[in-house]
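A quick note: this is a predicted structure, and the numbers were derived from the prediction, not measured. All chains are named by letter (A, B, ...) in the order of the sequence lines, taking the proteins before the strands, and each is independently numbered beginning at 1.
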Amino acid sequence: MSEENKTPLLAPEPPPDPDEAAAAREALERKITEGNREVLARMKAKTRRSFLTAGGAAVAGLAAFKWLMSRRQEGGEPWPLRRMMGINEELWHDYFSTGHLAPDFTGKKPLENKVNSDIGLQDDLDADAWKLQVTGLDGRDEALLLTLDDLRHLPRTTMTTEFKCVEGWSAVMQWSGVRFSDFMNAFAPAKPDTGGLRPEYASLETPDHSYYVGMEMDSLLHPQTLLAYEINGSPLPPEHGAPLRLVTPLKYGLKQIKRIGSINYQTNRPADYWAERGYDWYDGL
Amino acid sequence: MRAKHPLTIRWCHWINFPLLALMLWSGLWIYWGNDVYFIGWGSHKLFPFFPTAFYNALGLAQHLADGLAWHFFFGWLFAINGVIYVLYTIVSGEWRYLVPGRESFREAILVMLHDLRIYKGPLPDKKFNGAQQFAYTGVIVMGALSVISGLSIYKPTQLAWLTSLLGGYKAARVEHFLLTIGYVGFFMIHISQVVRAGWNNFRSMVSGYELVKSDE
């Protein structure tokens, strides 16, 4: 603060001219009104523009959504969604490793017992007459027929894993059987004509052919993928897919086919029951 | 006229709205496949998730395959949009307004008491008060947890370490579900607060500008 300001005023200010004051007030008010008008006009223009953009974006979004949903159906879903399943499959298949294991709960969690689907199990099964038919083998044109005893003679593996259904439930169960990788070591597939060491896929079907799943070789050769003949320490009961089923924590239950009648090694992607009905072909966990 | 919300934040906000809605919708389709959750104790069900009338009213039944197909399509867009938002707030420095600070907790209580008509005093005049900071940062954390818990139940074997970290498959599923319920709660409070705050506030989330009284 300067000295000047401290000096007291010697005389009161002359009374303001009322006319002048009113004029000044009026001028100020006019200025404020004009200023407000200008601000409001600018605001209005901005608001209009942004709401038009928003409206346009909303219409575009809705149109994109309508377009997406109205595309040609592929296996029960519009093809862009089917295509996305393929992209997701590639992403996760790249990340896939046979070293990524599902936790084994042996001795850690109580065993459960849950049964769901019976597609492909409608006929009565003659357990003694059952044989597993394997095709696409190395050095053989005709099918190989295996009995359950043949499989029991292969190395036996037991694991306690959490079985997961695509519906959302899960249950800890213990499975015994032969690792698919051990099975394939014993019964090697033919090398594909197209090159490569092994075929990329296998198709597994029930004896009546009404249920069938396609599996890619990487998941089949994972150490926790079994051709199982026992559940919770007992032979598979019919509802669990006696005498032989696929079990793997890499896939939802819908891929873990019960009562396997045939296995065919192949180079092209096999048909899959649920992939024809809207579900992902890969269904990898 | 004062600039309030940056363009990127407004786009992310409004893009997130339909995406989250689609995720909730397809998530309900998936949940329908095995709808075992309820509020209660033991086997006593006080309130099931969800009552039959709820499914019937919204037509949610029999869409498990569709739900999965949608969920794993829009899930990527939801996650990418969220990442863009977070990166932007970090780079632009907007996070300073959004992340709670030392005063935020006390302030949030004050705001809550004010909204419940208990506290009548003035509230701090800031872009986001403490309650908003907790809400807006919290919902981003929820979004991240939804993606993480979602991945852990999407690939529980390939990402077994993550699933175990979240307490196992069943626990992760419950967590994923609870987050959904959390969004519904957030949405209801958010909407009521937006209605209370009025047009100037709502407009600023679309146009980016708000009107403020000037001293001049």
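Within the 4.5 angstrom heavy-atom criterion, atoms from both the backbone and the side chain of A/Leu81 approach chain B. Residue A/Leu28 does not touch chain B at all, counting heavy-atom pairs closer than 4.5 Å. For chain A, the nearby part of B/Trp11 is the side chain; its heavy atoms alone come within less than 4.5 Å. Heavy atoms closer than 4.5 Å to chain A are found in the backbone of B/Ile153, but not in its side chain. Contacts of A/Ile87 with chain B are absent, with no heavy-atom separation under 4.5 Å from either backbone or side chain. Neither the backbone nor the side chain of A/Arg82 comes within less than 4.5 Å of any heavy atom in chain B. In this structure, no portion of B/Leu19 lies under 4.5 Å from any heavy atom of chain A. When heavy atoms are compared at a cutoff of 4.5 Å, A/Phe105 does not approach chain B at all. At a 4.5 Å heavy-atom cutoff, the contact between A/Met85 and chain B is made by side-chain atoms alone.
Between A/Leu101 and B/Ala160, the closest heavy-atom pair is O-CB, 3.3 Å.
Considering only heavy atoms from C-beta on, B/Tyr209 stays 4.5 Å or farther from A/Thr47 through its side chain. Counting only heavy atoms from C-beta outward, the side chains of B/Leu68 and A/Asp280 never approach each other to under 4.5 Å. For the pair B/Leu159 and A/His100, the minimum side-chain heavy-atom distance is 4.5 Å or more.
Atoms NZ and CZ, from B/Lys155 and A/Phe96 in turn, are 10.5 Å apart once rounded to the nearest 0.5 Å. Distance check, rounded to the nearest 0.5 Å: CE of B/Met205 to OG of A/Ser50 gives 11.5 Å. Considering CD of B/Gln158 and CG of A/Leu250, their distance stands at 6.0 Å, rounded to 0.5 Å. The NZ atom of A/Lys46 sits 12.5 Å away from the CZ atom of B/Arg203 when rounded to the nearest 0.5 Å.
Ring geometry, B/Tyr154 versus A/Trp92: the interplanar angle exceeds 60°, so the pair is classed perpendicular (tilted spans 30 to 60°). Aromatic ring orientation, A/Phe65 versus B/Trp70: perpendicular (interplanar angle above 60°, classes split at 30° and 60°).
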Practice item. Tell me, with the steps shown, if B/Trp76 and A/Leu91 meet side-chain contact (heavy atoms from CB on, under 4.5 Å). Key: CA-CA 12 Å; B/Trp76 287 113; A/Leu91 281 171; 3.8 Å; yes

Practice item. Verify side-chain contact (heavy atoms from CB on, under 4.5 Å) between B/Leu211 and A/Leu40, making sure each step is shown before the conclusion. Key: CA-CA 9 Å; B/Leu211 279 178; A/Leu40 285 175; 3.7 Å; yes

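Between A/Glu112 and B/Lys170 a salt bridge is recorded (basic side-chain N to carboxylate O distance below 4.0 Å).
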